[in-house]
Structure formats: C-alpha cells, structure tokens
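Heads up, the thing below is written out as structure tokens.
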Amino acid sequence: QWAAAVHCYEAALGECGDSPLAVSLYGNLAAAHARLAAWPQALRAADQALRLSPRYPKALLLRGRALMSLWRIPEALASYTLALEASPQAQAHLDRANLHAVLASPQGFSVDFSRPEVL
C-alpha cells in the first residue's frame, strides 16, 4: 500500500505545483518512501518540502531519519536539531527514537560496534 501511496502523492504533486498543499504532499511522500526504506527518495521528498517551508518539522524529522539511515550522521543530527528548534512537539518523535540523548550529549554521536544490537 505504501507504493500506491507514493504513486498518489507524486500524481497530486504533478497537479498542484508549488502551492501550499505541496508542502504537506512532499512530507507525506517522504513518509511513504521512509516506510518503504527508500531513503534517497525520502530524503529528496523531505528536501523538496523544506525548499517550500524551511522549518516544517515533519520534513525536518523525516530528513533526519533518512540521513541517519544513509549513515550521514552529522547532517541527520543537524536536521533533528532544527526540528527541535522549529517545534517543541518534535521532542516526542526524538524520544521514541532515543535520539534525545544523542543531541544532549556533549560527546556527540558515537556507535559501539561491539554491541550486537548495533549490527
């Protein structure tokens, strides 16, 4: 069903151009691509939403998620930080992903590859 959603969002975007509706459609397109683990496409859609609305929290969060999945960690953390600045409600999404500790840590992000759950 997510592939069908991608098709529908893309068709709708073809009709609405850069109207205010496009911001939401790009955000939903990014979310659908994320559900399919199509991270480059999710990143592109989130970037399009941010081109139209640079502080759109949903797009910032989805951009961060796509960047994390592509192992572009510093960029992902920057996107998450912007999401927090844009909307306090973004904290709930970061809490679910346990990213609040990463953002608050003075040491920054690190991965312990000796832990089996990381691999």
Side-chain angles (χ1 to χ4, degrees):
Q1 82 197 45
W2 293 111
V6 165
H7 177 74
C8 289
Y9 291 130
E10 288 174 342
L13 282 162
E15 295 295 318
C16 76
D18 284 348
S19 74
L21 176 62
V23 175
S24 180
L25 290 172
Y26 277 119
N28 291 343
L29 178 61
H33 280 306
R35 296 292 276 198
L36 294 168
W39 302 116
Q41 294 89 334
L43 178 58
R44 263 194 309 276
D47 282 342
Q48 284 295 95
L50 292 169
R51 179 181 60 82
L52 299 172
S53 181
R55 295 182 52 84
Y56 182 37
K58 179 178 181 174
L60 288 165
L61 289 167
L62 286 163
R63 183 176 193 278
R65 184 173 171 199
L67 288 165
M68 280 290 234
S69 297
L70 294 168
W71 288 91
R72 293 168 56 182
I73 307 305
E75 292 170 88
L77 295 177
S79 190
Y80 287 136
T81 300
L82 288 172
L84 285 171
E85 291 170 3
S87 172
Q89 291 82 12
Q91 184 67 49
H93 297 282
L94 294 177
D95 286 346
R96 283 197 295 272
N98 284 327
L99 289 169
H100 63 286
V102 172
L103 293 172
S105 170
Q107 292 83 22
F109 179 80
S110 66
V111 176
D112 181 358
F113 286 102
S114 66
R115 294 176 34 213
E117 64 270 18
V118 171
L119 304 174

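Residue numbers count from 1 along this sequence.
The closest donor-acceptor contact from the side chain of S79 to the backbone of E75 lies at 3.5 Å or more, if one exists at all.
When all heavy atoms of A42 and A34 are compared, the closest pair comes out as CB-N, 3.9 Å. The two residues P57 and S87 come nearest to each other via the heavy atoms CG-CB, 3.5 Å. Residue A86 comes nearest to L60 through the heavy atom pair CB-CD1, 4.2 Å, listed as atom of the first residue, atom of the second, then distance. For the pair A49 and A59, the tightest heavy-atom approach, listed with the atom from each and the gap, is CB-CB, 3.7 Å.
No continuous path of ILVMFWY side-chain contacts below 4.5 Å connects V23 to L43, so the two sit in separate hydrophobic clusters. Hydrophobic clustering (side-chain heavy atoms under 4.5 Å, transitive across Ile, Leu, Val, Met, Phe, Trp, Tyr) groups W39 together with L67. Cluster membership for I73 and L84, using ILVMFWY side-chain heavy atoms within less than 4.5 angstrom, is shared.
Listed by first then second residue, pairs satisfying side chain to side chain donor-acceptor pair (under 3.5 Å) with a partner in residues 49-59 read D18-R51, N28-K58, Q48-R51, not counting sequence neighbours.
Distance CZ/R35 to CD/Q1: 8.0 Å, rounded to 0.5 Å.
For R63, the side chain to side chain donor-acceptor pair (under 3.5 Å) partners two or more places apart in sequence, or in a different chain, are D47. Applying the side-chain contact (heavy atoms from CB on, under 4.5 Å) rule to L13 yields the partners C16, A22, L25, Y26, L29; only residues at least two apart in sequence or on another chain are considered. The side chain to side chain donor-acceptor pair (under 3.5 Å) search around E15 returns none, not counting sequence neighbours. Not counting sequence neighbours, the partners of P40 by the side-chain contact (heavy atoms from CB on, under 4.5 Å) test are R44, L70.
Side-chain contacts under 4.5 Å among hydrophobic residues (ILVMFWY), followed directly or transitively, place L62 with no other residue at all.
Put simply, the side chain of L61 reaches to within 4.5 Å of the side chain of Y80, judged on heavy atoms.
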